[in-house]
Amino acid sequence: MQILVLHGPNLNLFGRREPHIYGRTTLPEINARLQALAVELDVELAITQSNHEGVLIDFLHQHIDSAQGALINPAGLTQHGVPLHDAIKAMPFPSLEVHMSNIAAREAWRAHSIISPAVRGTVQGLGVQSYLVALRGLVGLLRDPTPAPAAAR
């Protein structure tokens, strides 16, 4: 089972950027923790980070027929990434939106996510654990044959 992990703009600066909000864990450390959990869960990860929306969209398109799910931290594209939203909706697999911080508890403009309507669910506000909880949750969803209620699809 292949799971995509997409990290949006400026997330390559984790560990340096606003550590009072995001902590000191770096993106390579987050990816290593995700890879270790993937081994435990017997799944394969394909991971990318880009500061450019089109690269993230191309990554989704590239894996449209090989991936079974995606974790997406849209970062600064959360509020304005219409093309990313549309690409997520075009995928035949479920995606989860991930944020290290609780975007609803920050600046008012951050509270609205244009990405949320395109994904199955959102995990936020747990720091690095947001990614790990999301990976466990997504794998659980993919392995559970019970269909989701219509409103949750």
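Index from 1, following the sequence.
Side-chain heavy atoms closer than 4.5 Å link hydrophobic residues (I, L, V, M, F, W, Y) into clusters, and following such links, even through other members, never connects Val55 to Ile115. Under the 4.5 Å side-chain heavy-atom criterion for Ile, Leu, Val, Met, Phe, Trp and Tyr, Val133 and Ile47 are members of distinct hydrophobic clusters.
Listed by first then second residue, pairs satisfying side chain to side chain donor-acceptor pair (under 3.5 Å) with a partner in residues 37-50 read Gln2-Glu44, Asn12-Gln49, Glu40-Arg136, Gln49-Asn51, not counting sequence neighbours.
With rounding to the nearest 0.5 angstrom, the CG atom of Leu11 is 9.5 Å from the NE2 atom of His99. Atom OG of Ser113 and atom CD of Gln124 lie 8.5 Å apart (nearest 0.5 Å). In this structure, CD1 in Ile3 is found 9.0 Å from CG in Leu41, a value given to the nearest 0.5 Å. Atom CG of Asp86 and atom CE of Met91 lie 10.5 Å apart (nearest 0.5 Å). Distance check: Leu132 CG to Ile30 CD1 gives 9.0 Å after rounding to the nearest 0.5 Å. The CG atom of Leu4 sits 6.5 Å away from the CG atom of Leu60 when rounded to the nearest 0.5 Å.
When all heavy atoms of Ala70 and Phe93 are compared, the pair lying nearest together is CB-CE1, 3.8 Å. Closest heavy-atom contact between Ala118 and Ile88: O-CG2, 3.3 Å. Heavy-atom minimum distance, Thr78 versus Ala75: OG1-O, 2.5 Å. Summarising the geometry of Val128 relative to Met100, their closest heavy-atom pair is N-SD, 3.5 Å, with the distance given to 0.1 Å. Nearest heavy atoms, Leu56 versus Gly8: CD1-CA, 3.9 Å. Between Asn73 and Phe14, the shortest heavy-atom contact is ND2-CZ, 4.2 Å.
When atom types are taken as modelled, the side chain of Glu97 and the backbone of Pro74 share no donor-acceptor pair closer than 3.5 angstrom. Proximity of a side-chain donor or acceptor of Gln68 to a complementary backbone N or O of Ser66 within less than 3.5 Å is detected.
Two residues are said to be in side-chain contact when any heavy atoms from C-beta on lie closer than 4.5 Å; Leu45 and Leu135 meet this criterion. Between Val43 and Leu138 the shortest side-chain heavy-atom distance does not fall below 4.5 Å. Asn31 places a side-chain heavy atom less than 4.5 Å from the side chain of Leu27.
With sequence neighbours excluded, the residues satisfying ring-ring contact (aromatic ring centres under 6.0 Å, His included) with His7 are Tyr131. Taking Ala134 as the reference, Leu71, Leu96, Val98, Val123 meet the side-chain contact (heavy atoms from CB on, under 4.5 Å) condition, with sequence neighbours excluded.
Dense packing is recorded around NE2 of His61, with more than 12 heavy atoms of other residues, nucleotides or ligands lying under 6.0 Å away.
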